[in-house]
Amino acid sequence: MLKGAKTGVDSNQLTFFPALHESCHSEDFLEVCTERQIILQEFAGQEKVSFKFSVVVIQGHLAVEGVLLFGKKHLYICSHFVLSQLEEIYCTRHCLSSISDQFIFSLCHKDQAIEDPACSRYLYADIKEIHPRRFLLQEIALEIFFRNGYSKFLVFHNSDRNKAFKRFCSVQPGLKAKGITEDSLNIRRGAGGEKTMLQKWQRREISNFDYLMYLNMLAGRTYSDYMQYPVFPWVLADYHSQTLNFANHKTFRDLSKPMGAQTAERRRKFIQRYKEVEKSEGDLSAQCHYCTHYSSAIIVASYLVRMEPFTQTFCSLQGGSFDVADRMFHSVKSTWDSASTENMSDVRELIPEFFYLPEFLSNCNQFEFGSMQDGTMLGDVQLPPWAEGNPHRFITLHRQALESDYVSAHLHHWIDLIFGHKQHGPAAVEATNTFHPYFYGDKGHLSSINDPLIKSTILGFVSNFGQVPRQLFTKPHPSRSTLGKLTLGKETSSLSHPTRLGPPPLSSLQTLKLSPAVIKETPKGAIGHIVYTEKGVLAVEKNKVLIPPLWNKTFCWGFDDFTCCIASYGSDKNLITFEVMAYWGNCLCAVCPTPTTVVTSGTSSVVCVWELSMVKDKVRGLSLRQPLYGHTQPVTCLAASMTYSIVVSGSNDRTCILWDMDQLTCITQLPAHEAALSAVAINDLTGEIASCAGSVMYLWTINGQPLTSLCPASSLQEQISCCCFAEVLDWDVRSLLVTGGSDGVVRLWKMEHGKRPSQDAGSRSQEDITDGLKSKGISPGFWPAMRRAGSTAGPWTGRKECQPAPAIPLPGRSLWMENNPLNGHNFGFGHPSAMTGTIYK
């Protein structure tokens, strides 16, 4: 596919940039190719390139020719560059392509405007895992997962993939145990006696969503290639009722049958088709039930067409424009009817976003999709009556359905169809679940096909219609344990209850009392930061934050000379003092999102991102990575989420700014609040952002869209001093918020998505807040109601006097996020723990 005489050989024998006489191009032509300077500018100091590989970088539905370089401590992915036969690097404008496969060459040059070459640098230490992948049914790709949640999908020459993987393992030895191998595909048996993901799912230690994401990852499904996007099942069949009844089995789809057999009549027709099709000549048989697939790039793009970059993806796949409005995804019910009963060419399943991302159901970007035949303008997706026109409510109920008792008891049947023993063969025929032979990677024998026309036809078929995931099970998948049974002598945790509708903390609010747990080291002043660990509660006074993950060190500030220091937890001894912060004024707030990252801000109004340099686990230096400018007055509060790689800053100038922790740039600025910001918080599960200004608390989506606002305090004179999100169920997307006010009361609030709420007792009029938002040109979202769940007088210290509540972040299990490939920081969320083969303990 990718040719090059000595691809992957030791570059000590080669020159990185060629002498002019070595090139097949003229001197004048070579001098034009100045884009190679982009690579040199990205190089780390004293860099030495040891290996080079020709690659194709896959970005959703796009394929870009590029070069992979191995340096001393970094790898470099150079897009729109070519590695010539003499191992020389040129941009694609000034050198012929090294791609010999005509179909992949056409993908790289199809409907693409000429883009500028680019080069990205990555530390080897930032690589979390590397998984071998298929591309167009061929084992020629690697997907590199980085610790920040991003990934890169690279296509190699057949032999180059193994060479590149071995090179990765040599520069990062820890990767040897993390790559996908044939042995690791046996998820029934864990290494070293550890529980496998299958066992955890059976025992309800992880959710159905997590397990499906994990199976998708093992089967080669990825967000990076829309042709192999993760596939999820339709779980409901009721899209007409006013309310959902999870106790009625008719509410649910029959998970033991594929979408082509949801009704007896539909199944009969597909069986008849299977019997009527005669076998074609040759090895490849055209006898099948379905000639289309349940997952493809166009299906993914059609679902997500209201969000970029999927809008442009859909138009590109459709020839440059939107489809006829009636054929586009406009109604959940209509799509279900089409895929389950009406359309013999439609057997589509769902994608993960149906269970966590309400934004894809709204036409927030106001795209003009045209009018349907009945004259209705196509805009937001029409939701079932039980969703009450609210995308957030739809996602909440849909996720509850996925985690329900019925789906938990029958999900293994669907796994058999998609990833298991009913995927192909006699069991698939019996289950009415066979697809065209081109969809199966083990039947195409692409490497043995010499006729380029036949091979191109097969690849075009796969590219347009999809491909079957890698088979994971050859025997029936075991079922999940029934609810309420004892597991290993212990009662099943209440957190694993799939139908619990109320957050667990709410059930015990009436009997809330001080915990017998004691703080490990008693702070000597007002509390500034609290962390709950398995070993106990850790707390430090104001102007200190604990540093993860061991929490045995603190970052301290607030000294008269504007210095800062690193200290041991529970000790007055400073390990090391830094003066570099003195240039940035008085520090007022700080967060430590990672063991080596500190974010500070204060009177200078500049948000500073610092890097702690470590030598043998000891801090040796503090250097400024990037100052972030945007505020005009002192910054009073900070919050960070490594799940979403964002930092939120709040200032006396009444603004909140969202910052990208990876790119160290501004994502967006929230509209002006009515007072100076006093507290901000980020929900690591949903990405929602809470901002507090004066007596008003605002709730925003991670994309900066307003959801709701209210006044938690009992009067406008009382101020909110702190807030945080509390984790409830790992699959319950409803928020539980905790606020502390100047009246010394800690209040708990839960979100209920529904119709526009009436004024809550003791809260500020929603009308007043809405009018204030509208006056700034903001249209509030879907009005999730923040209902008071309980309150506790006093700051939870046992003191009777009323004092301002301290900042108390509640404990919760850590969750990881796999970023959807959405440009413009339009985030989704999920468990990359499932996508990368790692699950929280």
Side-chain angles (χ1 to χ4, degrees), residues 2-4 6-8 11-12 14-20 22-60 62-99 105 107-109 112-127 142 144 146 148 150-156 160 164 167-168 171 224 309 625-626 660 662-665 821 823-824:
L2 300 171
K3 62 185 180 182
K6 298 179 181 181
T7 305
S11 290
N12 291 330
L14 306 167
T15 55
F16 179 59
F17 290 111
L20 297 182
E22 295 176 349
S23 174
C24 58
H25 299 293
S26 68
E27 181 174 341
D28 293 338
F29 187 80
L30 278 175
E31 289 179 350
V32 177
C33 189
T34 59
E35 287 81 357
R36 294 177 295 178
Q37 294 294 325
I38 296 173
I39 303 176
L40 292 176
Q41 293 170 0
E42 191 65 30
F43 272 7
Q46 305 298 316
E47 187 60 279
K48 179 181 179 181
V49 175
S50 57
F51 277 80
K52 298 174 275 187
F53 294 92
S54 292
V55 296
V56 171
V57 184
I58 304 301
Q59 303 168 346
L62 301 176
V64 176
E65 190 166 3
V67 177
L68 170 64
L69 305 176
F70 284 88
K72 293 180 179 179
K73 296 183 178 180
H74 298 83
L75 65 100
Y76 302 85
I77 298 177
C78 312
S79 301
H80 299 284
F81 282 95
V82 178
L83 189 63
S84 72
Q85 293 184 356
L86 298 177
E87 295 291 311
E88 303 162 356
I89 298 178
Y90 302 99
C91 73
T92 53
R93 300 174 183 173
H94 298 94
C95 185
L96 296 176
S97 173
S98 61
I99 303 174
F105 175 85
L107 288 180
C108 290
H109 298 85
Q112 290 190 35
I114 298 179
E115 298 184 18
D116 294 330
C119 180
S120 300
R121 179 178 64 186
Y122 305 92
L123 276 168
Y124 295 135
D126 288 338
I127 300 176
L142 290 176
I144 307 170
F146 297 99
N148 60 8
Y150 289 89
S151 65
K152 285 290 184 179
F153 193 101
L154 306 179
V155 178
F156 295 82
D160 281 352
R167 186 61 185 170
F168 277 117
V171 297
S224 300
R625 286 180 58 191
Q626 184 76 39
D660 185 332
D662 295 316
Q663 304 297 325
L664 297 181
T665 57
N823 292 344

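Heads up: numbering here begins at 1 and tracks the sequence. All heavy atoms count here, side chains included; hydrogens, waters and symmetry mates do not.
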Provide the closest heavy-atom pair for [X] versus [Y] in the form atom of the first, atom of the second, distance.
X     : Y      : value
His80 : Pro117 : CB-CA, 3.8 Å
Glu47 : Gly71  : OE1-CA, 3.3 Å
Val64 : Ser79  : CG1-CB, 4.1 Å

Once rounded to the nearest 0.5 Å, what's the spacing between atom [atom1] of [X] and atom [atom2] of [Y]?
X      : Y      : atom1 : atom2 : result
Leu142 : Leu68  : CG    : CG    : 9.0 Å
Cys91  : Arg36  : SG    : CZ    : 8.5 Å
Cys95  : Gln85  : SG    : CD    : 9.0 Å
Asn148 : Gln663 : CG    : CD    : 8.5 Å
Lys152 : Leu75  : NZ    : CG    : 10.5 Å
Arg121 : Glu42  : CZ    : CD    : 5.0 Å

Legend entry - Basic-acidic side-chain contact under 4.0 Å: Asp116, Arg93: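 Looking at Asp116 and Arg93, the cut-off is met.
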Below 4.5 Å, heavy atoms only, C-beta onward: do [X] and [Y] meet side chain to side chain?
X      : Y      : value
Arg167 : Ser50  : yes
Val57  : Leu154 : yes
Leu83  : Phe81  : no
Tyr76  : Ile39  : no
Tyr122 : Ile77  : yes
Val82  : Leu96  : no
Cys78  : Ile89  : no
Leu69  : Phe43  : yes

Legend entry - Flag, side chain of Lys72 to backbone of Ala44, donor-acceptor distance under 3.5 Å: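 No, Lys72 side chain to Ala44 backbone: no donor-acceptor pair under 3.5 Å.
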Legend entry - Side chain Lys52, main chain Val67, donor-acceptor under 3.5 Å: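 No, the answer is negative, given that no donor and acceptor are paired below the 3.5 Å cut-off.
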Legend entry - Option passing ring-ring contact (aromatic ring centres under 6.0 Å, His included) with Phe168 (candidates Phe70, Tyr124, Phe51, Phe156):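 Of Phe70, Tyr124, Phe51, Phe156, ring-ring contact (aromatic ring centres under 6.0 Å, His included) with Phe168 is met by Phe70 alone.
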